[in-house]
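This report concerns only the one structure given below.
We name chains A, B, ... by the order of the sequence lines, and we start the count at 1 in each one.
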Protein chains: 2
Amino acid sequence: MLVRNAADPSARPNSLRELGMISDSNPIISLNEFTYRKGTEIYGEKEPAEYVYQVKLGAVRSYKLLSDGRRQIGAFHLVGDIFGLENGNEHRFTAEAIVDTAVRLIRRQSLELVAEGDAMVARNLLSMTTNNLQHAEDHMLLLGRKTSLERVAAFLIEMDKRLTAAGIMALPMSRRDIADYLGLTLETVSRALSRLHELGILGFIGNNQRQIVLLDKQQLASLDLQN
Amino acid sequence: MLVRNAADPSARPNSLRELGMISDSNPIISLNEFTYRKGTEIYGEKEPAEYVYQVKLGAVRSYKLLSDGRRQIGAFHLVGDIFGLENGNEHRFTAEAIVDTAVRLIRRQSLELVAEGDAMVARNLLSMTTNNLQHAEDHMLLLGRKTSLERVAAFLIEMDKRLTAAGIMALPMSRRDIADYLGLTLETVSRALSRLHELGILGFIGNNQRQIVLLDKQQLASLDLQN
DNA sequence: CGGGGGCTTGAGGCCACTCAACGATAGTGG
DNA sequence: CCACTATCGTTGAGTGGCCTCAAGCCCCCG
């Protein structure tokens, strides 16, 4: 279930501009904005990849499922992130809005067309793909070899970099989402967070458990081993 | 410890040609061949990435280490594979020869130079990076959510596609390598293989345990769940 | 023939999973 | 406005799958 919003032509997407996907010589590619309600699917695995997306507001999870329902979340996409960029013709993940989410859409076709003639755009596509690859490579190490406490510590450090404002980290995702990202169960994630709380490494704010303050980042970092 | 071989100019690398990295208009980029003895390092993590490599003979493992020695192998590179292609300036894995291995080297710098002016080369670089990304994404699902038997089954299916000749799969890597690829211990890998042997799904040939015949690929595939 | 590496197999232990109960919160409808 | 319900998170108890530790075999290689 999705809600249409009129695109505001005066609000040009700055990061897309920075990426060279929009310039004055290539004034408009095809730019729309959509809103997805919490929990709704943005695209499904193996669907044709018609659009590339940028999160304007909210948060998105990308995941794969096994036939019996086991789920592995490959990445969380937060405000500013671009996702759904495939180079094959179909999506390799299912993407869902974690909370009510607004995204910008770019037609994949037009993007490829521009990249063909513009080396800078092409280089940026490669650079984004490389960043995704690097994240996946680091995550393989986490999933294959780290303990539950190390995984949760690594998760907190990653999220701290990406969404901490004024010292408070407001997680949009549930314990189950975190668990499926880290290859754990939600109970194990909860226990690890409680343990970090007991150790004085983090604190909870308010009455939902999703607002976290990191009290001792150094100690937290020491729990997540270097690679 | 590495051994130099004279490059044979008459033996042009076909797959590099196919990738558009060598063409008659770009006759020679900078092509050398090196040989690495079993167990030697080709490059280390965080070393500057001066070359890109193609396996001509042998096999290579790419891995990351945690500070306490835990190892995660991200990929095996077999004959024909290209590896060491980073878009940053440094390698993100350590690469080692699993057996005596011959590789071709391409200077990264010259590759980037060519890509700048040749859209097809640029597209091929992107396509290779995308393939690596797809492999890593699938491997995250395996590492995060599959059982030991499913992992080993998936490994056998992958290797069967890549190196089976005349029905026989001759694995170059040890049980420990397989374990570090699958996020398991070598004992667990061994037990899973024994189980598949008992089930009549695979057979061993000869007196080392690395030559395997897949007797029932359908049953094997049913053990590795679809994603 | 001795040494070492690789592989298998067994026994026991532990970490994460499963199952369950409970409290808190938010959303829903009477 | 308040029960009712569903969802989310925490915590406890017990289980189990994979890990750890160990022994032994085979093969290769000196």
Given side-chain hydrogen bond (donor to acceptor under 3.5 Å, both in side chains), test A:Glu86 with A:His91 step by step and report yes or no.
CA-CA 6 Å; A:Glu86 325 286 346; A:His91 289 294; 3.2 Å; yes
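Distance, B:Leu149 CG to D:dG16 C1': 16 Å, rounded to whole Å. Residue A:Ile98 contributes atom CD1, which lies 18 Å from atom P of D:dT7 at whole-angstrom precision. In this structure, the CG atom of B:Leu143 is 16 Å from the C1' atom of C:dA16, given to the nearest Å.
Ion pairing between B:Arg70 and B:Asp180 fails under the 4.0 Å rule for side-chain N and carboxylate O. A salt bridge is defined here as a Lys NZ or Arg NE, NH1 or NH2 lying under 4.0 Å from an Asp or Glu carboxylate O, and B:Asp224 with B:Arg151 fails to meet this definition. Ion pair B:Asp177/B:Arg71 flagged as a salt bridge, since at least one NZ, NE, NH1 or NH2 atom sits closer than 4.0 Å to an Asp/Glu carboxylate oxygen.
Contacts between residues 188-214 of chain A and DNA chain C, counted as heavy-atom distances below 4.0 Å, involve A:Thr188, A:Arg191, A:Asn207. At a non-hydrogen distance threshold of 4.0 Å, B:Leu186, B:Glu187 from residues 177-187 of chain B come into contact with DNA chain C.
Residue B:Tyr53 forms a side-chain contact (heavy atoms from CB on, under 4.5 Å) with just one option from B:Val103, B:Thr101, B:Leu85, B:Ile82, and that option is B:Val103.
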Please list, one pair per line, the donor and acceptor atoms closer than 3.5 Å that link side chains of residues 205-214 of chain B to other protein atoms, with sequence neighbours excluded.
from	atom 1	to	atom 2	distance (Å)
B:Asn208	OD1	B:Arg210	N	3.0
B:Arg210	NH1	B:Pro172	O	3.0

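No hydrogens or angles considered: a donor-acceptor pair under 3.5 Å links the side chains of A:Glu158 and A:His135.
An OP1 or OP2 oxygen of C:dG6 is reached within less than 4.0 angstrom by no side-chain nitrogen or oxygen of B:Arg176.
In this structure, B:Tyr181 and B:Phe76 have tilted ring planes: the angle between them lies in the 30° to 60° band.
In terms of position along DNA chain D, the nucleotide closest to A:Arg175 lies nearer the 5' end than the nucleotide closest to the other residue of the pair A:Arg175 and A:Arg145.
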